[in-house]
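Here the structure is laid out as structure tokens; the discussion comes afterwards.
Letters go in sequence order (proteins before strands), and every chain restarts at 1.
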2 protein chains.
Amino acid sequence: MLKGTLDLLILRTIEIQPRHGLGVSDRIAQITGGTFVVKPGSLFPALHRLEQEGYIEGAWGESDQGRRAKVYRITAAGRKRLTTERRSWDRIVTAVGQVLDPA
Amino acid sequence: MLKGTLDLLILRTIEIQPRHGLGVSDRIAQITGGTFVVKPGSLFPALHRLEQEGYIEGAWGESDQGRRAKVYRITAAGRKRLTTERRSWDRIVTAVGQVLDPA
DNA sequence: TGTTCTATATAGATCACCTATGTCTGAACG
DNA sequence: CGTTCAGACATAGGTGATCTATATAGAACA
């Protein structure tokens, strides 16, 4: 996948609804129709980093299937970060568009 | 800048018009209003790689200021590559959009 | 009880990109 | 003429995010 977008995708996914780790990647794969597949080895380090930086919070709970799972939800700082990440993403999309199809 | 988009930007820039190395980065910086600034240390390795892979061709010529410069133009293979890169980019933008704003 | 599935976890490798620096050439200028 | 300066190209070395591969634990089930 595209480097630099993972935080954005994770933050937005758990902003919509708190989820456990693999639930986040399942949701991303599902909603993008398989375009983005975030594997555990990419997912968990990212979650740990985001938690350490205070953008998300994890607490042990249960998954949909009743299994023990760490459920993450977004923090106030995370919402703030998400806003700036979205802006940054929009800016990038615009800029690439300008190069691809100059006015 | 966003990793994975450099080839796309370079290929499209010299497809529109052949340019020498620094001319490419000048053009990208100018048209994106400074959002993307490709510095020589990123640019030249990318150009060499693209040339080695047959997507662009360089030939010694002159810059706008009459200096000795290596002018690159896109090859047939480069156009093909550009097409697939554009498709890939569109797909990514769509997928991120789906995560950010689910239907 | 041993196999499988869900779920979390981590080490190590990879690869693109960035920082910093170097080299070459020609022009301008004293 | 020598020196300096700027345009242009080049490369080494580092960084950081992501991927590959593997490991661990508990629950279910045969």
Side-chain angles (χ1 to χ4, degrees), chain A residues 1-11 14 18-30 32 35-53 55-72 81 85 88-89 92 95-96, chain B residues 1-11 14 18-30 34-53 55-72 81 85 88-89 92 95-96:
Chain A
M1 24 173 314
L2 198 62
K3 304 191 182 187
T5 58
L6 188 54
D7 290 5
L8 176 65
L9 298 180
I10 292 175
L11 287 172
I14 70 172
R19 290 176 187 275
H20 69 285
L22 291 182
V24 173
S25 69
D26 286 349
R27 169 71 178 163
I28 291 175
Q30 183 204 5
T32 65
T35 296
F36 292 145
V37 176
V38 184
K39 293 183 183 148
S42 310
L43 177 73
F44 288 106
L47 288 172
H48 297 159
R49 186 172 29 77
L50 288 170
E51 185 173 27
Q52 195 137 26
E53 292 167 345
Y55 299 127
I56 65 178
E57 273 177 355
W60 286 100
E62 282 196 348
S63 74
D64 307 333
Q65 345 241 298
R67 298 291 180 83
R68 151 190 164 283
K70 201 181 277 179
V71 176
Y72 291 95
R81 167 87 194 285
E85 288 281 324
S88 167
W89 172 250
I92 286 166
V96 172
Chain B
M1 25 171 315
L2 198 62
K3 304 188 182 190
T5 58
L6 188 55
D7 289 6
L8 175 65
L9 298 180
I10 292 175
L11 287 172
I14 70 172
R19 290 176 188 275
H20 69 283
L22 292 182
V24 172
S25 68
D26 286 349
R27 169 70 179 167
I28 290 175
Q30 183 206 3
T35 296
F36 293 145
V37 176
V38 184
K39 291 182 183 148
S42 309
L43 177 73
F44 289 106
L47 288 173
H48 297 160
R49 188 173 29 77
L50 288 171
E51 185 173 27
Q52 195 138 25
E53 292 167 344
Y55 298 128
I56 64 177
E57 273 177 354
W60 286 101
E62 281 195 351
S63 75
D64 308 333
Q65 345 239 300
R67 298 292 180 83
R68 151 189 164 285
K70 200 182 277 179
V71 177
Y72 291 94
R81 167 90 193 284
E85 287 282 323
S88 167
W89 172 249
I92 286 166
V96 172

Output the rounded distance in Å from [atom1] ([X]) to [atom2] ([N]).
X	N	atom1	atom2	result
Leu43(A)	dA11(C)	CG	P	17 Å
Glu62(B)	dC9(D)	CD	P	12 Å
Leu9(B)	dC17(C)	CG	C1'	13 Å
Lys70(B)	dC24(C)	NZ	P	15 Å
Trp60(B)	dC9(D)	CH2	P	6 Å
Arg68(A)	dA27(D)	CZ	P	8 Å
Leu2(B)	dC18(C)	CG	C1'	15 Å
Leu47(A)	dT10(C)	CG	P	12 Å

Partners of Glu57(A) by salt bridge (Lys or Arg N to Asp or Glu O under 4.0 Å), sequence neighbours excluded?
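Expected list: Arg73(A).
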Can you name the salt bridge (Lys or Arg N to Asp or Glu O under 4.0 Å) partners of Arg49(B), sequence neighbours left out?
Asp7(B)
So, using side-chain contact (heavy atoms from CB on, under 4.5 Å) as the criterion, who are the partners of [X] when residues are at least two apart?
X	value
Pro40(A)	Leu22(A), Phe44(A)
Thr5(B)	Met1(B), Leu2(B), Leu9(B), Trp89(B)
Arg68(B)	Trp60(B)
Val71(B)	Pro18(B), His20(B)

Looking at Thr32(A) and Ile28(A), would you say the former's side chain and the latter's main chain have a donor-acceptor pair under 3.5 Å?
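Such a contact is found between Thr32(A) side chain and Ile28(A) backbone.
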Looking at every strand, decide which applies to Ser25(B) at a 4.0 Å heavy-atom threshold: base, sugar-phosphate, or nothing.
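No contact.
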Using a 4.0 Å heavy-atom cut-off across all strands, classify Gly4(A) as base, sugar-phosphate, or nothing.
sugar-phosphate
So which atom in Ala46(B) and which in Ile10(B) form the shortest heavy-atom distance, rounded to 0.1 Å?
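Smallest interatomic distance, heavy atoms only, reads CB-CD1, 3.8 Å.
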May I ask you to test the Phe36(B)-Leu6(B) pair for a side-chain heavy-atom distance under 4.5 Å?
no
Return the polar atom pairs (N/O with N/O) between nucleotides 11-15 of chain D and the protein under 3.5 Å, or none.
none

Under 3.5 Å, which protein N or O atoms sit close to an N or O of nucleotides 1-6 of chain C? Give each pair with its distance.
from	atom 1	to	atom 2	distance (Å)
dT6(C)	O4'	Arg67(A)	NH1	2.9

Does Lys39(B) put a side-chain nitrogen or oxygen below 4.0 Å from OP1 or OP2 of dA20(C)?
no
With nearest nucleotide decided by heavy atoms, which residue, Tyr72(B) or Leu6(A), maps closer to the 5′ end of DNA chain D?
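Going by which nucleotide is closer to the 5' end, it is Tyr72(B).
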